[in-house]
Amino acid sequence: MTRWTTTELMACVIARDLVDGEVVVMGAVPALPMAACLLARATHAPNLDFIVGGSGTVSPAPDRLPASSCTGELAPAEVTLPLPDVVSLEGRGDAFDVFCAGGLQIDAHGNCNLVAVGDWERPKLRGPGTVGLPFLPNTKRSIIYTQSHTPRTFVERVDFVSGPGHPSGPDEARPYRKQGPSLVVTPLASFDFDETGRMRLRTVHPGVTVDEVLAATGFEPAPGPDPSTTPEPTEEELAILRDLDRDGVLRR
Amino acid sequence: MTRWTTTELMACVIARDLVDGEVVVMGAVPALPMAACLLARATHAPNLDFIVGGSGTVSPAPDRLPASSCTGELAPAEVTLPLPDVVSLEGRGDAFDVFCAGGLQIDAHGNCNLVAVGDWERPKLRGPGTVGLPFLPNTKRSIIYTQSHTPRTFVERVDFVSGPGHPSGPDEARPYRKQGPSLVVTPLASFDFDETGRMRLRTVHPGVTVDEVLAATGFEPAPGPDPSTTPEPTEEELAILRDLDRDGVLRR
Amino acid sequence: MRPRFVDADEAVTSVEPDSTLGVGGMQLTAAPMALVRALVRRRTRIGRLVTSPSASLQADLPIAAGLVDELVSPYVGFEHLGLAPAFRRAVEGGSLRVLEIDEGSLTHALHAGASGIPFVPCPPGIDLTDIPRVDPTLFRRVVDPFDGTERWAVPAIRPDTVFVAAAVADEHGNVAFDRFPFTDRTMALAARRLLVEVEEVVPAGSLADRPPGTTLPAFLVDAIVVAPGGCLPTEYPGRYGRDDETLRAYLAAAKTGDPDAVAPFLEEARR
Amino acid sequence: MRPRFVDADEAVTSVEPDSTLGVGGMQLTAAPMALVRALVRRRTRIGRLVTSPSASLQADLPIAAGLVDELVSPYVGFEHLGLAPAFRRAVEGGSLRVLEIDEGSLTHALHAGASGIPFVPCPPGIDLTDIPRVDPTLFRRVVDPFDGTERWAVPAIRPDTVFVAAAVADEHGNVAFDRFPFTDRTMALAARRLLVEVEEVVPAGSLADRPPGTTLPAFLVDAIVVAPGGCLPTEYPGRYGRDDETLRAYLAAAKTGDPDAVAPFLEEARR
């Protein structure tokens with residue numbers, strides 16, 4: 001037993017990656033990315049702003065981490081944008097810095113799939129749908145997180161691209177750009193991307209081996225420096241998180 | 001001297017034409033059409049609604065008739081639409097019934113020109129611009145009003161169509177539709193349109209002769225029944241108007 | 001014209017079978033369940049169901065009842081409670097046709113529908129996904145007349161009928177939302193017929209101080225249903241919270257795949 | 001990032017000469033005159049001036065000063081006070097190029113600019129006017145890929161800089177409008193750089209209860225100028241009324257055609 005849960009560690013990994021002054025957007029089931037944003041604001045990024053999905057709330061500080069992205073518990077926030085404005089600005093492309101996203105499948109180039117596993121016409125698993133993930137390339141970068149790190153979720157190529165990652169190779173029509181996924185956080189490890197846009201193991205979480213991560217990953221990550229161990233949550237980080245998370249959403 | 005001003009008479013003519021339950025839109029300098037709408041609501045059309053131009057206010061009942069269409073004096077109204085929504089609904093085409101409009105030039109087929117008299121490139125008179133007049137054909141009908149009835153304002157064909165009227169003849173690509181201008185009100189007379197969409201003299205105001213109207217009109221109106229005399233404002237109408245118009249805007 | 005005040009069962013008689021229905025409510029909030037339940041009780045077939053960018057029970061329940069032919073929705077799910085059982089089953093089983101769309105394209109298509117704009121070129125992003133490639137109904141290529149490039153475009157969406165939930169109506173039928181209008185106002189402006197369920201009726205004039213963008217004028221509304229708690233088991237912000245217990249019971253019932261199992265959820269919610 | 005709080009003279013130093021400037025304010029209300037006056041005092045040339053659907057002094061004053069090359073505006077005038085003298089003179093004299101546009105096309109073009117949408121097909125109506133025919137810069141024909149018909153289309157408009165007037169800013173730089181946001185919020189969302197003049201500053205947290213659609217978040221604002229009465233002689237609803245006397249004096253001065261005659265109107269207004 002650790003002092004902290006894997007989800008708390010994931011919140012810390014995301015929080016540490018956020019930069020003061022950035023604007024973050026997130027979608028459904030916002031507890032984890034919200035915890036990360038609020039933690040970042042309480043530590044090194046007091047001027048970070050974040051928008052909680054469909055609610056359009058900007059940097060809300062509710063009494064507890066909400067289960068839903070559209071709950072009235074998110075009010076009051078600093079200000080609230082109408083949802084159509086959030087959608088507009090996601091398309092405008094220079095309004096938001098970081099998009100927090102996930103997927104039923106995530107591939108070696110950071111493409112996300114929330115639509116269909118298997119054939120789209122008659123899928124083995126129908127996902128809920130893509131919501132705003134097509135807008136991923138319109139932020140400066142995206143952070144991908146998932147609670148499921150298995151060879152079925154981490155695949156060489158998603159069956160359906162619903163959230164664009166990096167281009168899959170030099171032959172692809174779209175050129176590699178700096179914009180795109182920059183960090184992937186799972187219950188086992190964290191990844192970044194090499195200069196070709198392929199996912200690369202960056203850190204393994206305390207108590208997890210590199211071989212365990214590779215066995216859970218359905219593709220071969222790009223070579224890179226030896227992964228280090230993800231730094232544990234500090235006492236300060238844990239105290240802040242638990243003050244935010246009175247219902248223990250991150251401790252389940 | 002009459003008991004009433006020409007502008008008060010014009011307000012009565014417009015008010016009597018409005019039908020209970022209709023939704024009216026209007027633009028800049030709204031005192032006259034607003035007076036007509038409020039008069040109609042106070043008499044035969046209690047469920048008439050109207051939207052005052054850029055303010056987006058729906059059926060406001062201010063203390064006095066406002067000089068400007070965007071003044072805070074229009075608040076509170078029943079409800080207020082954001083201006084972009086008013087614009088959207090004008091394009092949708094089935095939201096509003098009546099558009100109240102005017103022009104520097106008005107022609108025999110009810111086309112309005114708020115843009116340029118003379119050549120557009122180097123106009124003799126540059127008008128303010130067309131604002132929402134291109135949406136005229138998207139309401140069930142339009143009511144045209146002007147304070148200037150001269151051969152220079154009432155012309156066979158406007159120099160620039162900025163608010164579409166009826167098609168100018170059977171050769172024109174656009175077919176004649178019932179939608180379009182249905183009433184024109186000036187300081188001298190009121191007009192309707194025949195089945196070809198040409199303006200037709202309907203009533204002359206008390207004290208004005210048909211010859212005076214024809215001399216002031218730069219085109220030959222379509223033949224029709226003998227024009228009658230515009231019924232004077234009733235005592236009730238005048239009392240209502242003067243209660244609305246405490247600043248005497250309609251009495252100047 | 002001003003709307004009629006009717007009950008939900010009467011309101012939904014105006015929904016033409018096999019027509020296009022838009023349902024408001026976002027994620028687990030403000031789903032117009034009083035109207036949806038009444039429509040499902042009547043067993044009116046829905047030719048095309050259009051949802052907000054993210055729907056839950058307002059989409060899954062009519063699908064569970066076997067009443068939906070086509071779906072236009074960027075997301076049907078129950079957030080922390082899990083996937084949408086009837087939606088999953090129907091798509092995986094091939095009985096529901098999905099017209100794949102994303103949040104941006106849908107929102108802009110509804111705005112276009114509200115505005116008389118025939119179609120809208122898509123913002124960047126969608127071109128890098130598989131979404132526009134699987135069905136030409138909602139995505140076609142258009143040539144930008146200003147720069148000559150090709151872009152994806154979506155057609156305007158104007159549902160024949162729209163259901164949304166609002167907080168209050170005044171006696172004239174003007175409607176006000178409490179806190180988050182989501183895309184419900186946009187969908188309402190795009191409706192050919194608009195039915196609104198509200199929590200309560202307030203006197204005429206009460207909405208005068210509501211800011212622009214939080215209300216809908218009476219002349220846009222066809223009928224109003226007064227249904228306190230009508231959004232349950234979803235939340236109405238500032239009025240009542242989400243009922244997770246009932247939502248979990250629904251998910252368990254819908255997972256069985258037995259249409260009768262969801263019958264209890266067609267009855268009016270109790271607060 | 002959060003905006004800087006600066007004075008008007010400093011704020012306008014960021015406006016690039018010959019760039020596109022958007023100015024908010026509708027008719028005789030909420031014209032961002034503190035910023036406009038500062039820009040005219042600096043004599044920064046405006047390559048293209050884009051206004052709200054109806055502008056008055058915020059367009060006529062820079063035109064009177066001879067600083068505007070091109071104008072995109074559906075209306076420049078002073079309602080009951082008369083036509084816009086400098087605008088009239090400049091167009092009739094051929095020194096100002098007008099890119100003719102209507103309220104609908106402009107509003108949708110700004111919305112497109114705010115949304116990453118490259119162009120928008122026009123709603124019906126404009127096709128029956130002469131407006132789209134006089135200049136191809138803002139109107140081109142596009143083929144609807146869904147029904148094959150030809151329509152007029154307008155390109156997205158994203159001004160390099162936008163000036164709007166709002167009621168208050170909080171200490172973090174979030175901004176709130178009082179009653180009528182007009183199209184100012186849309187224009188603000190379309191801006192590449194956004195400068196906002198406000199009547200006063202309120203404590204952080206004060207805007208939490210403002211409904212969606214009445215505010216702008218700080219991260220969209222580049223600079224805030226605190227300028228009480230800054231919209232004068234136009235009105236700011238709920239704060240102060242229109243100053244018709246000053247407006248009439250301006251109209252008389254501008255009618256002379258002497259640029260020096262309008263110099264007194266470049267000084268800050270006094271309440």
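Proteins come first, then strands; the chains are lettered A, B, ... in the order of their sequence lines, and each starts at number 1.
Top candidate by heavy-atom pairs under 4.5 Å with chain D, chosen from B:Thr71, B:Val131, B:Leu114, B:Val158, is B:Val131. Chain B forms more heavy-atom pairs under 4.5 Å with one residue of D:Pro53, D:Gly94, D:Ser105, D:Pro181 than with any other, namely D:Gly94. Chain D forms more heavy-atom pairs under 4.5 Å with one residue of B:Gly54, B:Gly129, B:Ala75, B:Ser68 than with any other, namely B:Ser68. In terms of heavy-atom pairs under 4.5 Å with chain B, the best-connected choice from D:Pro74, D:Gly238, D:Ala55 is D:Pro74. Put simply, of B:Gly118, B:Pro134, B:Gly91, the one with the most heavy-atom pairs under 4.5 Å next to chain D is B:Pro134. Of all the listed residues (D:Glu100, D:His80, D:Gln27), the one sharing the greatest number of non-hydrogen pairs under 4.5 Å with chain B is D:Glu100. Contacts with chain D were tallied for B:Pro30, B:Gly72, B:Pro128; B:Pro128 has the most, counting heavy-atom pairs under 4.5 Å. Counting heavy-atom pairs closer than 4.5 Å to chain B, the top-ranked of the candidates D:Arg89, D:Arg242, D:Met26 is D:Met26. If you tally non-hydrogen atom pairs under 4.5 Å between each of D:Asp178, D:Ile131, D:Ile101 and chain B, the highest count goes to D:Ile131. Most heavy-atom pairs under 4.5 Å with chain D, from the set B:Gly27, B:Gly163, B:Ala31, B:Ser55: that is B:Ser55. The greatest number of non-hydrogen atom pairs below 4.5 Å with chain B, out of D:Val98, D:Asp244, D:Thr234, is found for D:Val98. Note on B:Gly132, B:Pro82, B:Gly56, B:Ser69: by heavy-atom pairs under 4.5 Å with chain D, the leading option is B:Ser69.
Looking at B:Leu125, both its backbone and its side chain come within 4.5 Å of chain D, counting heavy atoms on both sides. For a residue to count as touching a neighbouring chain, one of its non-hydrogen atoms must lie under 4.5 Å from one of that chain's; by this rule B:Thr80 touches chain D with the side chain only. With a 4.5 angstrom heavy-atom cutoff, D:Thr183 touches chain B via backbone and side-chain atoms both. Contacts between D:Glu92 and chain B at a heavy-atom distance below 4.5 Å involve backbone atoms as well as side-chain atoms. The contact between D:Phe182 and chain B is made by backbone and side chain atoms together, counting heavy-atom distances below 4.5 Å. Proximity to chain D (any heavy atom under 4.5 Å) is shown, for B:Pro84, by both the backbone and the side chain. For a residue to count as touching a neighbouring chain, one of its non-hydrogen atoms must lie under 4.5 Å from one of that chain's; by this rule D:Ile126 touches chain B with backbone and side chain alike.
The environment of B:Arg251 atom CZ is dense: over 12 non-hydrogen atoms of other residues, nucleotides or ligands sit within 6.0 angstrom.
Note that the CG atom of D:Leu138 and the CD1 atom of D:Ile157 stand 6.0 Å from one another [nearest 0.5 Å]. In this structure, D:Arg48 CZ and D:Leu71 CG are separated by 10.5 Å, a value rounded to the nearest 0.5 Å.
In this structure, the side chains of B:Asn111 and B:Arg157 come closer than 4.5 Å at one or more pairs of heavy atoms.
Listed for the D:Thr186 side chain is no donor-acceptor partner under 3.5 Å among the backbone atoms of D:His111. Although no hydrogens or angles enter the test, the distance criterion places no donor-acceptor pair under 3.5 Å between the side chain of B:Thr139 and the main chain of B:Ser142. Not a single donor-acceptor pair under 3.5 Å links the side chain of B:Thr57 to the backbone N or O of B:Leu74.
A salt bridge links D:Arg97 with D:Glu70: the closest approach of a Lys/Arg side-chain nitrogen to an acidic carboxylate oxygen falls below 4.0 angstrom.
A donor and an acceptor atom, one from each side chain of B:Ser59 and B:Glu78, are nowhere located under 3.5 Å apart. Looking at D:Thr51 and D:Gln58, their side chains never bring a donor and an acceptor atom within 3.5 Å of each other. Between the side chains of D:Tyr75 and D:Glu103, no donor-acceptor pair is found at a separation under 3.5 Å.
Between B:Phe191 and B:His149, the ring-plane angle classifies as tilted under the 30° and 60° cut-offs.
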